[in-house]
Amino acid sequence: MLELIPFLLERLGIMIILAFILAQWGPTRRLLRQPEAGWQFRVLVLFFATYGILSNYTGVKVDLAEFLPHAWLEEVDGTSAIANTRTMIVVISGLLAGPLGGLMTGLIVGVHRYSLGGFTAFACALSTVIAGGVSGLLRSYWRDRLSSQALLPVCLTAFLMLFEMSLILLFARPFDAAVELVQFIFLPMTLINVLGVWLFLSIIRLAAREEETVRAREAERSLHIADLTLPHLTRGLHIHTAEAVAEILLQQTRAEAVSLTDRSVILAHIGIGSDHHQAGSHWTTKPTEHVLQDGQVRLVTERLDIGCPVTDCPLQAGIIAPLIVGETTIGTLKVYYPHAELLDAVEVELIEGLAKLFSTQLALGNAERQAGLLKDAEIRALEAQIHPHFLFNAINTIYALCRTDVEQARTLLLELSTFFRSNLQGARSTKIPLQKELEHIEAYTSLEAARFPNRPFLDIDLADETTALLVPPFILQPLIENAFLHAFSSEQTGYVGVTAWCEAEQLCLEVVDNGRGIDASRLARLGREVVPSSGTGTALFNTAERIRSLYGEKGQFTITSDGQNGTTIAIRLPIEVRKEIQHAHLVD
C-alpha cells in the first residue's frame with residue numbers, strides 16, 4: 001500500500017507543474033475568473049475534461065499481483081485498476097464551473113475511464129460523474145463563505161474518495177478482489193487527491209492574488225496620475241493644460257513620448273519626436289483620424305502604422321485612445337513607445353483607463369463651467385429684480401425738487417449717481433467689500449429721506465474688522481428697503497438697525513426693526529418662496545436665494561419675528577478677504 005504513494009506523488013507532481021504553468025498564462029486566469037460566461041464555460045469544461053483524461057492516462061496501473069507504475073495506460077484488463085488523481089480534477093471543476101460544468105467534466109472523464117476497462121471501470125466512472133455533480137452543487141456555498149480556505153474542498157475530496165471505494169465494493173466483482181484493491185489503494189489515493197486539491201486551489205489563489213496585486217498597483221498609479229492631472233483638465237482641453245498633462249504622463253509611465261490632440265491639431269507633444277510633432281501643427285497620422293471617427297482605442301505596433309511622413313521618426317509603436325465628452329470625441333491621447341514589446345496588457349489597460357478618466361475630468365470641468373455660468377446668470381437675474389421700482393420713485397422725487405429746492409436736487413442727483421455706480425459695480429462682480437455695500441445703503445436712505453421726511457431712523461454699527469470683508473452686492477440694501485416699506489405704516493416712525501461682527505470664522509450681519517412684525521403663517525414662507533405683499537414680494541426670497549446659490553450650506557439666512565415687536569433678519573457668511581489684502585498681510 002505505502003509503496004504506491006511515491007508513484008502517485010510523481011504523477012501528482014506532473015499535474016501540479018502543468019497547473020502552475022497554465023495558471024501563469026493570461027487566458028487561463030481570465031477563464032478561471034469568469035467561468036459563468038458562455039464561451040468561457042465551454043472552454044473551462046473542455047480544459048478540465050482534457051486534464052482529467054490526462055490524469056487517467058498517467059495513472060498507476062494496479063494489479064492484485066503487481067502494479068506497473070511507469071506505463072502510459074491505454075487499457076486495463078482482468079482484475080487490474082487505476083490509481084490516479086481523477087477525483088481531484090472533477091472536484092476542482094465542479095467548484096469552479098458549477099453543477100453543470102462539474103457534471104459535464106465528470107461525465108467526459110468518467111466515460112473515458114470506463115473505456116480503459118478493468119473490473120472497477122463502472123464503479124470508477126459512476127463515482128467520477130457523481131463527484132463532479134456534488135462538487136458543483138457546493139460551489140456557491142464555497143465561493144460565498146470559504147473560497148479563501150481549503151477546508152471544504154479537502155473534506156469533500158476525502159468523502160468522495162470514500163464514496164468511490166464504497167462503489168467499488170458494491171459493483172466490482174469478484175468481491176474478494178475488490179476488497180483487496182480497496183485496502184491497497186484507499187489510503188494512498190485519498191492522501192494524494194486531497195493533497196492535489198489543496199495544491200491546485202493554492203496555485204489558483206496565488207495567481208489570483210498576484211493579479212489582484214498588479215491591478216491594485218496599476219489602479220493606485222492611475223488614481224495618482226488622475227489626481228495630478230485633475231487641476232489641469234477641469235480647466236478644459238487646450239495647449240497649456242495638454243502640455244501639463246503630457247509632462248505628467250511622461251514621468252509616470254514607461255512611454256518615450258506623450259501627445260494630446262483636439263480634432264484638428266496637436267495640442268502638446270512631449271518626448272521623442274517633438275522636433276517635428278509640434279503643438280499647433282496638424283496631427284497628420286491615419287490612426288488618429290480613425291480614433292476621432294469611431295471613438296475606439298487603436299494599437300500601432302509598427303512605424304508604418306503610425307504614418308508619420310518624416311522618414312527617420314523615432315516613434316515605433318503606441319496606443320491612441322479617444323477623449324470623449326458626452327457622445328463626442330473631442331480629441332485623443334497618444335502614448336508612444338520605442339518598441340512594440342512594451343505594449344503589454346497592463347500598459348494598454350492603464351492608458352485606456354487613463355483616457356476614460358481624462359474624459360470624465362474634461363466632462364466634469366465642462367459641467368462645472370456651465371453650472372458657474374448658469375449660476376452667474378441666475379444671480380444677475382435676481383439682482384436685476386431688486387431695484388427698478390425704487391429708481392423710478394427716486395427720479396420722480398428729484399424731478400419735483402428741481403422746482404422747490406435746487407441744491408437738494410443736486411445733492412440727490414449725486415446720491416443717485418452713487419447708487420447707480422454701486423449697481424454697476426455689483427453687476428460686474430459677485431463679491432464686494434462690506435464698506436461698498438454701506439455706501440449703497442447710505443445713498444438709498446438719502447434718496448428715501450427726501451421722499452419721506454418721517455422715514456424710520458437708521459443706525460449702522462459695524463465692527464472695524466468687518467468693513468473690508470467680502471459680501472455679495474445688494475445683500476443688505478433690499479432688506480433695509482423692505483423694512484422701510486413694510487414694517488411701518490405711512491405715518492409711523494421707528495428704528496432700523498444694521499450690525500456686523502465676526503464670530504467663529506463667520507461674518508454675522510443683522511437687520512433689526514421695531515415695526516409691526518410678521519405673523520407666523522407668513523414667516524414660515526418668507527425667504528423660501530415669493531410671498532405676495534404690497535411690494536414686489538421678491539426681496540427676501542431673492543436675497544435668500546442668492547446666499548444659497550453662492551455659499552450652499554456654508555451660508556445662512558434666517559428671519560425671526562414674534563408678530564408684534566419687530567423683525568430680525570440674520571445672515572451668516574464665510575469670512576472672505578480680497579486676495580491682495582491677504583497677500584499684504586502675509587508680507588507684513
Side-chain angles (χ1 to χ4, degrees), residues 23-34 206-230 232-233 237 241-261 266-274 277 283 285-292 294-308 313-324 329 331-362:
Q24 303 306 309
W25 191 35
T28 306
R29 293 187 180 189
R30 290 191 292 272
L31 190 68
L32 296 175
R33 190 167 59 246
Q34 293 180 317
L206 182 62
R209 287 173 184 171
E210 181 183 350
E211 188 170 359
E212 288 174 1
T213 301
V214 171
R215 289 182 176 276
R217 188 164 57 246
E218 291 305 315
E220 183 179 359
R221 183 158 65 126
S222 298
L223 292 174
H224 178 62
I225 294 173
D227 185 55
L228 294 175
T229 57
L230 180 62
H232 303 290
L233 288 178
L237 185 63
T241 58
E243 184 176 354
V245 170
E247 287 279 7
I248 292 170
L249 279 182
L250 194 63
Q251 296 172 6
Q252 299 293 327
T253 65
R254 296 181 295 174
E256 292 287 334
V258 177
S259 177
L260 283 95
T261 77
I266 298 173
L267 297 175
H269 184 100
I270 306 295
I272 60 174
S274 58
H277 293 277
W283 29 260
T285 59
K286 285 294 183 182
T288 303
E289 182 179 353
H290 294 156
V291 171
L292 288 170
D294 60 22
Q296 300 296 318
V297 176
R298 288 286 196 286
L299 300 183
V300 287
T301 56
E302 297 181 4
R303 196 182 72 81
L304 291 177
D305 294 336
I306 295 176
C308 180
C313 179
L315 304 178
Q316 301 294 322
I319 307 168
I320 305 177
L323 299 175
I324 302 173
T329 302
T332 63
L333 167 65
K334 303 193 288 186
V335 183
Y336 295 105
Y337 302 85
H339 304 290
E341 290 78 10
L342 294 174
L343 294 177
D344 57 23
V346 173
E347 199 72 7
V348 172
E349 287 187 12
L350 172 66
I351 301 305
E352 189 173 356
L354 286 175
K356 292 178 181 179
L357 283 173
F358 292 170
S359 298
T360 302
Q361 290 175 347
L362 289 168

From His290 atom NE2 to Arg298 atom CZ, the distance as rounded to the nearest 0.5 Å | 6.5 Å
In Å, rounded to the nearest 0.5 Å, how long is the span from CG of Leu249 to CD1 of Ile270?
-> 10.5 Å
Rounded to the nearest 0.5 Å, how far apart are CG of Leu323 and CG of Leu362?
-> 6.0 Å
Could I get the full list of side-chain hydrogen bond (donor to acceptor under 3.5 Å, both in side chains) partners for Thr229, not counting sequence neighbours?
-> Gln361
Thr241 and His232: which non-hydrogen atoms are nearest, and at how many Å?
-> CG2-O, 3.1 Å
Parallel, tilted or perpendicular, as decided by the 30° and 60° cut-offs, for the rings of Tyr336 and His269 | tilted
Residues in side chain to side chain contact (heavy atoms under 4.5 Å, CB included) with Thr329, at least two apart?
-> Arg263, Leu292, Pro322, Ile324
Contacts of Ile272 meeting side chain to side chain contact (heavy atoms under 4.5 Å, CB included) (sequence neighbours excluded), chain-then-number -> Glu256, Ala257, Pro314, Leu315
Exactly one of Ile351, Ile320, Ile319 clears side-chain contact (heavy atoms from CB on, under 4.5 Å) with Lys334, and that residue is Ile320
Test salt bridge (Lys or Arg N to Asp or Glu O under 4.0 Å) applied to Glu349 - qualifying residues, sequence neighbours left out = Arg215
Contacts of type side-chain hydrogen bond (donor to acceptor under 3.5 Å, both in side chains), residue Arg221, not counting sequence neighbours | Glu218
What residues, two or more places apart in sequence or in another chain, satisfy side chain to side chain contact (heavy atoms under 4.5 Å, CB included) together with Leu228?
-> His224, Ile248, Gln252
d(Ile266 CD1, Thr288 OG1) to nearest 0.5 Å is 8.0 Å
Just wondering, do Leu260 and Leu333 contact through their side chains at under 4.5 Å, heavy atoms?
-> yes
State which residues pass side-chain hydrogen bond (donor to acceptor under 3.5 Å, both in side chains) with Gln316; sequence neighbours excluded, sorted by chain then number.
-> none
What heavy-atom pair brings Leu267 and Ala242 nearest, and what distance separates the two atoms?
-> CB-CB, 3.6 Å
Considering residues at least two apart in sequence or located in another chain, which fulfil the side chain to side chain contact (heavy atoms under 4.5 Å, CB included) criterion with Ala255?
-> Thr253, Val258, Val335, Tyr337
Is His277 close to Cys313 at the side-chain level, that is, under 4.5 Å between some pair of heavy atoms?
-> yes
Kindly compute the distance separating CD (Glu289) from OG1 (Thr332), expressed to the nearest 0.5 Å.
-> 12.0 Å
What distance separates Ser222 OG from Asp227 CG, expressed to the nearest 0.5 Å?
-> 12.5 Å
